[in-house]
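Here is the structure we will look at.
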There are 2 protein chains.
Amino acid sequence: MDLRLLRCFVAVADAGSVTAAAQELYVSQPTLSRQLHRLEREIGLVLFRPLDGRLVITSAGRELLPRARTLLAGAAAVRAFAREIAAGAIGAVHVAAPTAILHDVLAPLIAAAPPNLPPLTVRPMDTEKLYDAVDGDADLAVGAHAPPAHLSARVLARLPVRAYVPANHGLAINGSVTLTELIDHDLLLPDRQHHIRQVLDVATAEAGLVYRTAGGFESAPVALANAAAGRGVAVASGDPAFGLVPLPIITAQGPMMEPLFAAWRVDHHAPSTLAGLAGELTAYLIDRHGPWVAPETRHSVPALRTRSLH
Amino acid sequence: MDLRLLRCFVAVADAGSVTAAAQELYVSQPTLSRQLHRLEREIGLVLFRPLDGRLVITSAGRELLPRARTLLAGAAAVRAFAREIAAGAIGAVHVAAPTAILHDVLAPLIAAAPPNLPPLTVRPMDTEKLYDAVDGDADLAVGAHAPPAHLSARVLARLPVRAYVPANHGLAINGSVTLTELIDHDLLLPDRQHHIRQVLDVATAEAGLVYRTAGGFESAPVALANAAAGRGVAVASGDPAFGLVPLPIITAQGPMMEPLFAAWRVDHHAPSTLAGLAGELTAYLIDRHGPWVAPETRHSVPALRTRSLH
DNA sequence: TGACTTTACGGTTATCGTAAAGATG
DNA sequence: CATCTTTACGATAACCGTAAAGTCA
C-alpha cells in the first residue's frame, strides 16, 4: 500500500484523465498510467475503465476514493506533526523526580495549572538514577543534587532548609533559629543520601559545629512525624505537616538553603519547551515561597509566612 | 512519508533493537538501520539514540510513535476495505431510474426499508441516457425499456398497464377493461418515448385495432390529471392519483403488462450485491402488487385490489 | 570478547522518461 | 486527425544483502 500510488489514484480521479493528472504531479503520463495499474494489481481492484478514449472511475474506485483521501490526509497530518516536533513542539513532558519533590513541587504545580504549562507526566525516581532518566523516557529530571555537567540544567530555586518543631516548642517563638541554637537539640534527619543531610553537614563543618542525631529516617515525612511526637527537631525542606512550625535556619552565610535543579539532555528536540517549563517552575516557587527563593538573588530572611505555605 | 519506513520505525521501537526488529521483518539488519536513518532524514527528527551499545527511542520518537501506529492502522484498514470490495462488498448502491420509477418503485422500497437492503442513492435519469448511466457513476439502472445486450440484466416484475378513470366513469364498474372497450374512448397517454406507448402500440397492432389520442403528455401524472378532469381515459402503469380508479387492460394475450428491468455492467465488482438488490426489488413489487407480477409466472387477472395499491 | 550499530561495496531490482504503437470519436 | 492510453526500451537511481569496520559494556 504505497501512499504514492494512492496519491496517483486520487489525482487521476480528481483530474479526470491520466494526462491531466500527470501534469499536476510532474511525472510523465506513461509513468502515471503504470502506477495506476500497479496499484490496481496490488489491491486487486479495477479502479478505472476506458470509455470513449477516456478513463472513468469504476464503482470499486468510487468506493475506495474517500478512504484513500482519508489515509492521505492522515499521512499529511503525521508529516505536519513531525514538522511541529522538529520545530520544538511537545505533546506531554515526562518529568522524573524524587518522591518528595514530586509531592511538594510538581503535583502542586500541576494542581495550580498555570496557563502555559504543557501536560506533565511525572514519575517518581530514586535519587541515584534520577539524572540517568533523561537518557531513557524522561524529558526532564528535577532534583536537589547538582546534575552532571553533560546535561543542560537550570537552578529552579533555592528552597529554605528549616527546622520543624511543635507549636509549643521553645524554638517556635522566634520564627527562626540559628545553626548554633539548633545543634543543642536532637536532630531528626533523613538518610545520608538525602541532599538535605549534605547541606547540613557542609554548614556545620564551616561553622565548626557538631550536631547530634539519632540516625537517619527513611524519608523527610517520617522525620517530621517523629518531631511531632516530641522526639526532637526535624530538619527538612518540604512542606510542614502534623501541625509543626517550620523555622528557617540562619547560618553565618545567611539562611540555609537547598537548591532545586532541572536538567535535560543537550540534544533534546524541544529545549525551549523544557526551559520554559523550568521558568514556570521557578515562577511557581517564587509565587509560593516568595521572591527570595529566586535562583539568582539573595535576600534577607523574610518574616515567617505560614499562610502561603499551605 | 513511506509507510514501509514508518513500519520499520514502529518495529524497532517495539523490538527494542534493530537486530531483533530485522528478524521480525525478514530483512537484514543493515537494511533496517539504513531505513531508519532514511526516515529520520526524511522527517527531520532523531528517533533513536545509541545508549550502552543499544538504541533507545528519543523524546521526538516517543511523540511520533503513536501517530505512526495510527497511520499504519489506517493503511491496514484501507487494505482490508479494498479486500472487502474485491470480495463483492459495497457501501452504497447508486441507482439511476426515470423519475416515474424512482417515485413509484424505488422511493417506496427505501421507505419500506427491508432488512437486507444496502443503502441506496437514487438519481433521476432520462430514459434515453438511462442504461448509459451504468458506464458512469451508477451501479444499477432500473427502467421499462429492454436494456442493451451487453449489460447484465434481470426482469424485476411485469407491472400491469391500466386504464385510469374517475370513480363515476362507466368503465369503472367492471373492475377491468378489454382493449376493445378501451379504444372507444379518447386515450390520454404519455409521450411517444415512454415505454407504455410502445406497449400499447404493439397490443393494438396485434389486435388490428386503432386508438384515438389527443397527443402525448409530458408525463404519466399529467395524463392522469387530465383523466381526472374528465378529458378521457388515461393509460399508464404507475400509482393511481386524483381519486382515479385503475382498471387492468385485458388483451387476447391476457392482461397488458409492462416489464421492469434492472441492468448493470457485466464487469461490476459486486454483481451478487446488485442481483440481490434486484431480488429485493422483485420481492417488494410482489408484496405490493401481488404474486402475479412476478417476472417468471403468468397468472390470470386478479380481482382489483384497491387497498394494497396505496 | 560479545552484542550491536554503522559503513563499504557489488549486484539486483524498480522506476523513470522518451518514443512508438494502439484505440477511439 | 486529434486526444488519450498503452506498450517497448534504454538508462538511471534506489535498494538489498554480505562483509568488514567501529563502538561500547
Side-chain angles (χ1 to χ4, degrees), chain A residues 1-43 45-58 60-61 128-129 131-132 134-136 148 150 265 267, chain B residues 1-43 45-58 60-61 128-129 131-132 134-136 148 150 265 267:
Chain A
M1 180 69 70
D2 192 341
L3 289 183
R4 206 169 27 133
L5 301 185
L6 234 48
R7 234 181 301 276
C8 292
F9 166 48
V10 172
V12 171
D14 286 342
S17 83
V18 175
T19 303
Q23 293 176 353
E24 294 182 8
L25 294 177
Y26 300 104
V27 294
S28 75
Q29 183 275 330
T31 295
L32 187 49
S33 179
R34 236 172 327 183
Q35 286 173 334
L36 268 187
H37 289 146
R38 205 177 302 159
L39 177 62
E40 289 185 336
R41 183 161 35 84
E42 183 179 331
I43 66 180
L45 292 176
V46 178
L47 300 173
F48 295 96
R49 170 167 35 82
L51 175 69
D52 297 351
R54 292 288 190 121
L55 289 188
V56 296
I57 195 166
T58 63
E128 312 87 61
K129 296 184 265 177
Y131 293 115
D132 292 333
V134 297
D135 294 332
H150 68 268
R265 288 184 60 90
D267 59 357
Chain B
M1 180 69 67
D2 192 340
L3 289 183
R4 203 170 30 133
L5 301 185
L6 234 47
R7 233 181 301 277
C8 294
F9 166 49
V10 172
V12 171
D14 286 343
S17 84
V18 174
T19 303
Q23 292 176 353
E24 295 183 8
L25 294 177
Y26 300 105
V27 295
S28 74
Q29 183 275 330
T31 295
L32 188 49
S33 179
R34 237 173 324 178
Q35 286 172 336
L36 268 186
H37 289 146
R38 206 177 301 158
L39 177 62
E40 289 185 334
R41 185 161 34 84
E42 183 180 330
I43 66 180
L45 292 176
V46 178
L47 300 173
F48 295 96
R49 171 167 35 82
L51 175 69
D52 296 351
R54 293 286 189 124
L55 289 187
V56 296
I57 195 166
T58 64
E128 312 88 61
K129 295 184 265 177
Y131 293 115
D132 292 334
V134 297
D135 294 332
H150 67 269
R265 288 185 59 90
D267 59 356

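Quick note on labels: first sequence line is chain A, next is B, and so on, each numbered from 1.
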Checklist line | For the student: nearest non-hydrogen atoms of Leu39(A) and Phe9(A), plus distance | finding: CD2-CB, 3.5 Å
Margin query: Using a 4.0 Å heavy-atom cut-off, does Arg49(B) contact any base of the nucleic acid, only the sugar-phosphate backbone, or nothing at all?
Written below: nothing
Next item on the list: Compare all side-chain heavy atoms of Val56(A) with those of Asp52(A) and state whether any distance is below 4.5 angstrom.
Entry: no
Notebook entry, point to check: Over how many whole Å does the gap from Arg41(A) atom CZ to dT6(D) atom P extend?
Noted result: 14 Å
Item checked: Residue pair Gln29(B) / Ala22(B): nearest heavy atoms and the distance that separates them -> CA-CB, 3.7 Å
Note to self: If you assign each of Arg54(A) and Pro30(A) to its closest nucleotide in DNA chain D, which residue comes earlier from the 5' end?
What the structure shows: Arg54(A)
Check: Can you give the first and last nucleotides of DNA chain C, 5' to 3', that have an atom under 4.0 Å from a heavy atom of chain A?
Finding: dT15(C) to dG25(C)
Notebook entry, point to check: Can you tell me how far P of dC15(D) sits from CZ of Arg34(B), to the nearest Å?
Noted result: 9 Å
Item checked: Heavy-atom check, side chain of Arg49(A) versus side chain of Asp135(B), under 4.5 Å -> yes
Notebook entry, point to check: Tell me, do Asp267(A) and Val46(B) make a side-chain contact under 4.5 Å, heavy atoms counted?
Noted result: no
Next item on the list: Send over the distance from His37(B) NE2 to dA14(D) P, rounded to a whole Å.
Entry: 19 Å
Item checked: Whole-Å distance separating the CG atom of Leu5(B) from the P atom of dA14(D) -> 13 Å
Check: What are the two closest non-hydrogen atoms of Glu128(A) and Asp132(A), and how far apart are they?
Finding: O-OD2, 4.4 Å
Margin query: Taking the nucleotide of DNA chain D with the nearest heavy atom to each, does Ala20(A) or Asp2(B) sit closer to the 5' end?
Written below: Ala20(A)
Check: If you look at every strand shown and take non-hydrogen atoms under 4.0 Å, does Thr31(B) touch a base, only sugar-phosphate, or nothing?
Finding: base
Notebook entry, point to check: Where is the tightest heavy-atom contact between Gln35(B) and Leu5(B), given as atom of each residue plus distance?
Noted result: CB-CD2, 3.6 Å
Check: Mapping Asp52(A) and Val27(A) onto DNA chain C by nearest heavy atom, which one lands closer to the 5' end?
Finding: Val27(A)
Next item on the list: Using a heavy-atom cut-off of under 4.0 Å over every strand shown, decide if Ser28(B) touches base, sugar-phosphate, or nothing.
Entry: base
Next item on the list: Measure the distance from CG on Leu32(B) to P on dT18(D) and round it to the nearest whole Å.
Entry: 14 Å
Margin query: Counting the atoms with a prime plus P, OP1 and OP2 as sugar-phosphate, which does Gln35(B) contact under 4.0 Å by heavy atoms, base, sugar-phosphate, or nothing?
Written below: sugar-phosphate
Check: Rounded to whole angstrom units, what separation is found between the CZ atom of Arg4(B) and the P atom of dC15(D)?
Finding: 6 Å
Item checked: Between C1' of dG17(D) and OH of Tyr26(B), the distance in whole Å -> 17 Å
Check: Atom CD of Gln29(A) and atom P of dT3(D): how far apart are they, to the nearest Å?
Finding: 14 Å
Notebook entry, point to check: Hey, is the side chain of Arg38(B) poking within less than 4.0 Å of OP1 or OP2 on dA14(D), counting only N and O atoms?
Noted result: no
